[in-house]
Each structure stands twice: as C-alpha cells, then as structure tokens.
There are 2 protein chains.
Amino acid sequence: MARTAGSDGERTQAAIRDAAVNLIARYGYEAVSMRQLAAEVGVQPAALYRYFPTKEDLLYELMTAHMNALVASWETARPASGNATALLAAFVRNHIDFHVERRQTTHVNNMELRSLSRDRLSTILRLRAGYEKELRQILRQGADAGLFTVEDVTLTAMAIIQMVTGVIVWFRPDERLSVAEVTDTYHKMTMRLVGARNA
Amino acid sequence: MARTAGSDGERTQAAIRDAAVNLIARYGYEAVSMRQLAAEVGVQPAALYRYFPTKEDLLYELMTAHMNALVASWETARPASGNATALLAAFVRNHIDFHVERRQTTHVNNMELRSLSRDRLSTILRLRAGYEKELRQILRQGADAGLFTVEDVTLTAMAIIQMVTGVIVWFRPDERLSVAEVTDTYHKMTMRLVGARNA
DNA sequence: CAGATAATAAAACGAACGTTCAATTAATTC
DNA sequence: GAATTAATTGAACGTTCGTTTTATTATCTG
C-alpha cells in the first residue's frame, strides 16, 4: 500500500506532535522509539520522516514551540502599568496557569534538555533566560521601590521559578484543589516570600 | 587475558557506582550504554555483570542509596527538642546541604524515576513520601501553634521542597555565592513564605 | 481526464543495544 | 605448591534502533 484514503499532511503532522508529546512526557525521549511513535499515530515509521528529518528535530520543535508560547503568553498577560506587586502577581498567575494547562510539554521541556545538540540547547536556554529576566526585573523594581525584601535578586528569582513550576510535579486538577485555589495559595506564598508590603 | 593484576572486587564495584552516577547525571540513564560505562571504569562490559545483574539493578541501587542517605541525614540532623520554627530551619538547612553535596545523585534521583519498574518505583516513592511527611508535620505543628501562616499544609510542603531542591539546578559553589550564603537566604525566604512570627 | 504532486507503505541498511557464556589468569587457602 | 576461588577478558547472541530507498496509491491541477 501507499498513500491512504483521506490522508492529510497537516493532520498527520499534528498527530505526530501530539503523540510525541504524550509518549516523551511519559517514557522519556530516549526511551521512545520512532516505531513506537509511528504505531501511536497509526502510520509506518518511514512516514514520520516526511515531517521531521530526525528524531531530534522533532524534539527540538516541540521544545521551541513550548518556549515561544510561554514568552508570548507573558507578553500578553503582562500589565501595561502597575507596580512591582501587581506585576509579580500577574507573573505568578500566568506562569502557573500556563504550565498547568501544558503539563506534558512542560515536562518534556524540563526533562529533555540534555538530548539536544549544543546549538539547540543554547537556543532553548536563551529563550528561558529571557523569560526569567522578566522576573528578575520585577524583583529588582520591587526591591528598589521598597516594596519587597529581596536578599539576592537572582537567587530569589530561581527560588520562585522552581517553586511555581514545581506545581505540575504533584498537582492534578479536579482533585482536592482547583487550579484557582492552587494559584491563589502560590500567589500568597510568593508575596510573603518577597516580603511584599502592599499585597 | 582474564583476571588482571591488582584487581579487587570492592574497588571495582565502587568505581562502577561512581562512573555510573557521573554518566547518568550527565547524559541520562537511557542514553548511557553498558559499553560506555565499562569504558569509563576501564573494564570490559561483561565485568559489570559480576556486580549488577542488570542495568536497572544498578540504577535502583544508586537511587535507594541516595534516598536512604537522605532519610538518615535528617534523622541525625533533626533537633531533639525545639519549636516548629527551629525544626523548619534545621530541615531547610539539612536539605540544602545534603543536596548540594550530592548534586549528581540528586539529579539521578529526580530525573530517572521513570526508568524503574513499578515495584522499585513505588519503593523509592515510599521513601520520598516518608521524608516529605516530616516537613508536613513541622508545618502543621507550626500552624497549630500559631507560629506559621499556612493555607494548605500539603501544598506548602511541596512548594518548599521544590524551591529548596531546585538549588542544585542553578547553583554551583565557589561562584558568586557560597553554600552558607545560599542556605542562609533560602532559610530567610522559607521563614517568610510560611509567615513565621518568631524567626 | 491526463499529468503532476502529496502522502504513505514495505523492505532493508548498518550500527548499537543489553546480556550471556566459556576461557583464562590472579589471588587465596590448605 | 597444588587446589580453590575471585576477577576479568573476548567473543558472540538475538533484538532493536534511527534512518534511507523505492514503489505505490490518493488527491489536486489544468
């Protein structure tokens, strides 16, 4: 057999992305074979190579898409005006909402960095660094304005990022807590963590 | 050739453990081959199987050793008496010191859970759960005593664990900050995070 | 409706994988 | 110093891996 009835390149590519995220999030990039992925999509292994030249290209596309979406999400959510307290609140809320909605791609991005080539790794890290810089600026602004108590801007930024990204490690919506409740509690903890005076 | 001059089972086993931790922390369990590991140790692949029946047995031993050491470390460091504030301070300090000293095994334990079989995974998770329970008890005790502000004990425990374990992701000693400075700042942030009244 | 193009299947490539087995040598024991 | 045990080598097993090549069929274009 060859081309199948109703086959569509765009749909197939989207199906490959979906299946790849699911499988890689669950088993890890190295543990997922192209044959396993093809079977999940319902296609022969060779068909994957029409859309992604190599396995690593596929991983890289998933990861860049995730990072670009994160940066775009914050650009949209960032308040046009407001003091550091309002900015930090918006940052934490957006960060948690984004990552809870994208548990699987987040997991892939956090776990599979070491499977990228040097150049691609540094591209992803550059995107990440730009995003984290936004948080550092908010913290510095709040500290300068006397709104926050921050011993070390870089260290505090990493602590907050680790804390809020860690939500996806343990949190499953529709259990004991809703997303809104979790986001709200993390917001309060973050404000206390930076010693916010006007939260 | 066969047995080599000066060969010693205990030394070889220790060398395998060391090399495995280094390689797995850097490249990931799935990406490290037994041949690569053997080459790092300076031995033929077959020699590894005298000490570890399978590749997964090796991983499991590394992970259980790490978790048992963590639990033992806290048992030693836990103050015999003291209120929740003192206990939480000791917990954070011990946790950070332990993990900074064992960056590589920590990385292996955090990243390679999915490469374990069901039974072994649940053994590791049980050890981890017991350790995290200690933190929850401290938080509950502090909240009950009116020393802490804690919206949700479980959620706060996970937030703190994620925050302090995240140290090893970005922190390298002998750079801008010393271990003591980092531990100190995390201690202060944790105390504010739980709204400690008497820190 | 013919020709071009898009989408896939089927089969195969060499390389690498975890693991096993038999042979061999070093160190220890009696 | 012979017998036993410990430690390792060298070679090989069958399997799976990512990827490529070629052929074949479906859909689109004029």
Side-chain angles (χ1 to χ4, degrees), chain A residues 1-24 26-63 108 112 114-118 120, chain B residues 1-24 26-63 108 112 114-118 120:
Chain A
M1 262 176 282
R3 179 169 189 169
T4 55
S7 61
D8 176 332
E10 285 194 32
R11 268 212 313 275
T12 302
Q13 174 157 4
I16 293 171
R17 292 186 128 92
D18 271 17
V21 168
N22 283 327
L23 289 174
I24 296 173
R26 177 146 42 201
Y27 302 110
Y29 170 79
E30 294 277 358
V32 174
S33 71
M34 296 300 267
R35 285 169 177 80
Q36 186 183 358
L37 174 57
E40 186 80 9
V41 176
V43 99
Q44 293 298 314
L48 303 176
Y49 288 84
R50 165 167 258 271
Y51 305 97
F52 302 98
T54 71
K55 191 185 177 190
E56 196 209 321
D57 282 298
L58 170 54
L59 176 64
Y60 180 64
E61 281 218 17
L62 298 176
M63 294 179 77
V108 171
E112 308 300 348
R114 59 185 163 202
S115 292
L116 294 176
S117 67
R118 276 175 87 90
R120 287 173 162 176
Chain B
M1 262 174 283
R3 179 167 188 170
T4 54
S7 59
D8 176 331
E10 284 194 32
R11 268 213 313 275
T12 302
Q13 174 157 4
I16 293 172
R17 290 187 131 92
D18 271 17
V21 167
N22 284 327
L23 289 173
I24 295 173
R26 177 146 43 202
Y27 302 110
Y29 170 77
E30 294 277 0
V32 174
S33 72
M34 296 300 267
R35 285 169 176 81
Q36 187 182 358
L37 174 57
E40 187 79 8
V41 176
V43 97
Q44 292 298 315
L48 304 176
Y49 288 84
R50 163 167 257 270
Y51 305 98
F52 302 97
T54 69
K55 191 184 177 190
E56 197 210 320
D57 283 298
L58 170 54
L59 175 64
Y60 179 65
E61 282 219 17
L62 298 177
M63 294 178 78
V108 172
E112 308 299 351
R114 59 184 162 201
S115 292
L116 294 176
S117 68
R118 276 175 87 90
R120 288 173 161 176

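Sequence lines set the chain letters: A, B, ... in the order given, protein chains first and strands last, and positions in each chain run from 1.
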Original post:
Think B/T4 has a side-chain N or O under 4.0 angstrom from the OP1 or OP2 of C/dA26?
Top reply: no
Subject >> N/O donor-acceptor pair under 3.5 Å between A/N22 side chain and A/A19 backbone >> reply: no
**OP:** Starting at atom CG of B/L59, determine the distance to atom P of C/dG18, rounded to an integer number of angstrom.
**Re:** 13 Å
**OP:** Taking only the side-chain nitrogens and oxygens of A/Y51, find out if one of them lies under 4.0 Å from OP1 or OP2 of C/dT8.
**Re:** yes
Subject >> Nearest to side-chain heavy atoms of A/R35, which nucleotide of C/dT19, D/dT8, D/dT19 >> reply: D/dT19
Original post:
Heavy atoms, side chains only, cut-off 4.5 Å: are B/R114 and B/Y29 in contact?
Top reply: no
Original post:
Any side-chain N or O of B/T12 less than 4.0 Å from the OP1 or OP2 oxygen of D/dT8?
Top reply: yes
Original post:
Please give, in whole Å, the distance from C/dA16 C1' to B/K55 NZ?
Top reply: 12 Å
Original post:
Can a side chain N or O of A/S33 be found less than 4.0 Å away from OP1 or OP2 on D/dT16?
Top reply: no
Subject >> CA sep, side-chain torsions, deciding dist, call: B/R120, B/E56, side chain to side chain contact (heavy atoms under 4.5 Å, CB included) >> reply: CA-CA 10 Å; B/R120 288 173 161 176; B/E56 197 210 320; 3.2 Å; yes
Subject >> Phosphate OP1/OP2 of C/dT8: any A/Q44 side-chain N/O under 4.0 Å >> reply: no
**OP:** State plainly whether the residues B/K55 and B/E112 are in salt-bridge range, i.e. N to O under 4.0 Å.
**Re:** no
Subject >> A/I16 and its side-chain contact (heavy atoms from CB on, under 4.5 Å) partner, picked from A/V43, A/V41, A/V21 >> reply: A/V41
Subject >> A/R50 CZ - D/dT21 C1' separation (whole Å) >> reply: 15 Å
**OP:** Can you tell me the distance, in whole Å, between the CE atom of A/M34 and the C1' atom of C/dA11?
**Re:** 17 Å
Original post:
Taking OH from A/Y49 and P from D/dT21, how many angstroms apart are they, rounded to a whole number?
Top reply: 13 Å
Original post:
Which whole-number value in Å describes the distance from A/F52 CZ to D/dG18 P?
Top reply: 15 Å
**OP:** Specify the separation, in whole Å, of atom CD of A/E30 and atom P of D/dT16.
**Re:** 18 Å
**OP:** Provide, to the nearest angstrom, the distance between the CG atom belonging to A/L48 and the P atom belonging to C/dA6.
**Re:** 19 Å
Original post:
B/V41 near the nucleic acid: base, sugar-phosphate alone, or nothing, with a heavy-atom cut-off under 4.0 Å?
Top reply: nothing
Subject >> Given DNA chain D, 5'-ward residue of the pair A/A46 and A/A31, judged by closest heavy atom >> reply: A/A31
